[in-house]
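Note: hydrogens, waters and symmetry copies are ignored here, and every other heavy atom, side chains too, is used. Chain letters run A, B, ... following the sequence lines, proteins first and then strands; every chain starts at 1.
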Protein chains: 2
Amino acid sequence: MDVHGRDLRYFVAVAEELHFTRAAERLFVSQPALSKQLRMLERTLGAPLFDRDRHGVRLTSAGAALLPHARRVLADWDTGLVAFEEAKAAQRATLAVGMSTSPGRGGMLPAIRSRFTAAHPEAALTLHQVNWSDTTAGLGDGASDVAFVWLPLPDGARYRWTVMAEEPRLVAMAESHRLAARETVDFADLLDEPFLALPESAGPLRDHWLATDARDGRPPVIGAEIASPDETYEALVDGLGVCLLAAGNAPLVARAGVVTRPVAGLSPAQLALAWRADDTRPLVRAYVEAARATHGTTA
Amino acid sequence: MDVHGRDLRYFVAVAEELHFTRAAERLFVSQPALSKQLRMLERTLGAPLFDRDRHGVRLTSAGAALLPHARRVLADWDTGLVAFEEAKAAQRATLAVGMSTSPGRGGMLPAIRSRFTAAHPEAALTLHQVNWSDTTAGLGDGASDVAFVWLPLPDGARYRWTVMAEEPRLVAMAESHRLAARETVDFADLLDEPFLALPESAGPLRDHWLATDARDGRPPVIGAEIASPDETYEALVDGLGVCLLAAGNAPLVARAGVVTRPVAGLSPAQLALAWRADDTRPLVRAYVEAARATHGTTA
DNA sequence: CTCCGTGATAACCATTGGTTATGGACGTGC
DNA sequence: GCACGTCCATAACCAATGGTTATCACGGAG
């Protein structure tokens, strides 16, 4: 037996005025509309709220019993609306920054943050790491507003990006690997090695880190699938395969038992800051600008 | 920015299920209806309440901010409904008994009450005295459900009644009045006396207490208008006029300085219990039955 | 690759909520 | 008493709302 909030306002207004015509103009509706709505309300409630007769309009006892609750419902709803609006504003003033792996790279993130908050002191930033199965680092499902990603992105038309860094691809392997002793590895020597690969859902990025473009069409051997730095480290130590990674990410896996070596014959990897093409919100533009400016000074 | 309570229920249901289809069946509506209503709600609120994507349905932060308020509004409304229903029931179980002057007359009222409450122990009785300007003693404007009145009633078709007592009409006058010395007064001797009269609004009853039917068309002289026993007593003492009244009401005015005398040549007055012709509620019938039974035993 | 489950959309229909014009009951002032 | 003003109810009408069924688009699982 729910009713429209508006009907409660009508009820309270008439209860306060005890006068339909005056209540109607206070509510900016016509008097017949008010009469009709209150009759409907009384019908759905199953009992009259007002006694109307020659002597005027009075609350029935049932109406009097309902009145304080109606007021309270309206008050609660109004405060709820205020809370909602505040949350809305907070949401508008918060930028979610996604990343596959920590961008690190000499304080790039703090530099961007300080530029950004200088331009938008009211805005809040939230950083969060996203599983590698989503190569857009949350852009695709709205979890992020901007994201640090490795090119290429899937579905290029939906996103725009600015390249933040170009880094050579290294190979990581167990220190017991037969090639671990070399200073530099030629990619041709890795062609038959089992590789650790991103999940299938990573699409073109999976291929990029398998360097399929340097294999002349010969399919890679997949030793395991990996979706986080820790998984990668464990798989390397266990000898499940070798793995390409950007030079800047070497510290993530180069722990005890794992070595990284430069690879000859591979194009560099590109780290980019990306956003949704249709997202023109000022905070997004501002973050991108801050990133470009930072990139300029640090490049 | 009011919304329908139903929409809040929809919102809460989806927030709890995080699943439109399941929420829809819990609410006994089709899934498209639920989708549409929630979109409308989001549109009127100006921000989405849920994130829906491949991974499922989740509350937005704004939605999360609104949720507790929505729950509270619904809870308040539900308790308000309960209060309303209780008041409705109490109203149904309360009989308002109106009277122009106290019926008195040897415990008639307590006798009726005991019979009535024996038949309806759950019912409450409220007695109230009504100004003489309303000769229906509150029946007309709904202030009373049953009423002790003097016949005739105005607008006979609207009411039914049962005669409770027939009493001779006496005349009341100041003890200094020239006729006060007589044991009995003939109405012919009163024709030129100023009379105290009920208000104009009393209609035919005013004429009855002026005994216009015994005046052969000659208009009465009005000394003052009266609307309560106290006014009557004061007007009598002040010598503003004389006044007819039922024998049973003599004690109301026969105080120091006022005397009452039988009048020859007048028909008796009839005290009746009346109710609205269209009012068939069990409590009303029951009170009338109790009154008739009591009348039978005391008559 | 096809099927299933999910939410969104389309097309349609009855009900709701508003409008203006009008009616009927009552009080008021000449 | 009688024309008038006030007040609430009703009538006729119209746009928007809230529901239905049928269908689509998409992603996940077998």
- Item | Test item: A/R206 side-chain N/O and A/L198 main-chain N/O as donor-acceptor pair under 3.5 Å | yes
- Item | Below 4.0 Å: OP1/OP2 of C/dG7 and any side-chain N or O of B/T21 | yes
- Counting just side-chain N and O atoms, does B/H19 come under 4.0 Å of either OP1 or OP2 of C/dG7? yes
- Any sub-3.5 Å donor-acceptor pair from A/S144's side-chain atoms to A/A137's backbone N or O? yes
- Item | Sidechain N-carboxylate O distance under 4.0 Å for A/R215, A/D207 | no
- Item | First of B/R6 and A/R39 reached from the 5' end of DNA chain D, by closest nucleotide | A/R39
- Message: Measure CG/B/L38 against C1'/C/dT9 and give the value in whole Å, please.
- Response: 16 Å
- Message: Rounded to whole Å, how long is the line connecting atom CG of B/L27 with atom C1' of D/dG18?
- Response: 14 Å
Distances under 3.5 Å between nitrogen or oxygen atoms of protein and nucleotides 21-27 of chain C:
from   : atom 1 : to    : atom 2 : distance (Å)
C/dC26 : OP1    : A/R54 : NH1    : 3.0

- Is a donor on one side and an acceptor on the other found under 3.5 Å between the side chain of A/W77 and the backbone of B/M1? yes
- Item | Rounded distance in Å - CG (A/L34) to P (C/dG18) | 9 Å
- Task: Specify the separation, in whole Å, of atom CZ of B/R43 and atom P of D/dG18.
- Result: 10 Å
- side chain to side chain donor-acceptor pair (under 3.5 Å) partners of residues 40-50 of chain B, not counting sequence neighbours, each pair once: B/E42-B/R52
- Is it true that A/R276 and A/D145 have a side-chain N and a carboxylate O under 4.0 angstrom from each other? yes
- Query: Do A/E25 and A/T21 have side-chain atoms, one donor and one acceptor, less than 3.5 Å apart?
  - Reply: no
- Item | Separation of C/dT16 P from B/D2 CG (nearest whole Å) | 19 Å
- Would you say A/S30 reaches C/dT19's phosphate, i.e. side-chain N/O to OP1/OP2 under 4.0 Å? yes
- Integer-rounded Å distance: D/dA11 P and A/K36 NZ: 11 Å
- Task: Quickly work out the B/F20 CZ to D/dC26 P distance and round it to whole Å.
- Result: 18 Å
- Contact class for B/F50 (heavy atom, under 4.0 Å): base, sugar-phosphate, or nothing? nothing
- When you check the phosphate oxygens OP1 and OP2 of C/dT16, does a side-chain N or O of A/Q37 lie under 4.0 Å from one of them? no
- Separation of atom CG in A/L41 from atom P in C/dG18, rounded to whole Å: 12 Å
- Could you work out which one of C/dT6, C/dG18, C/dA8 sits closest to the side chain of A/Y10? C/dG18
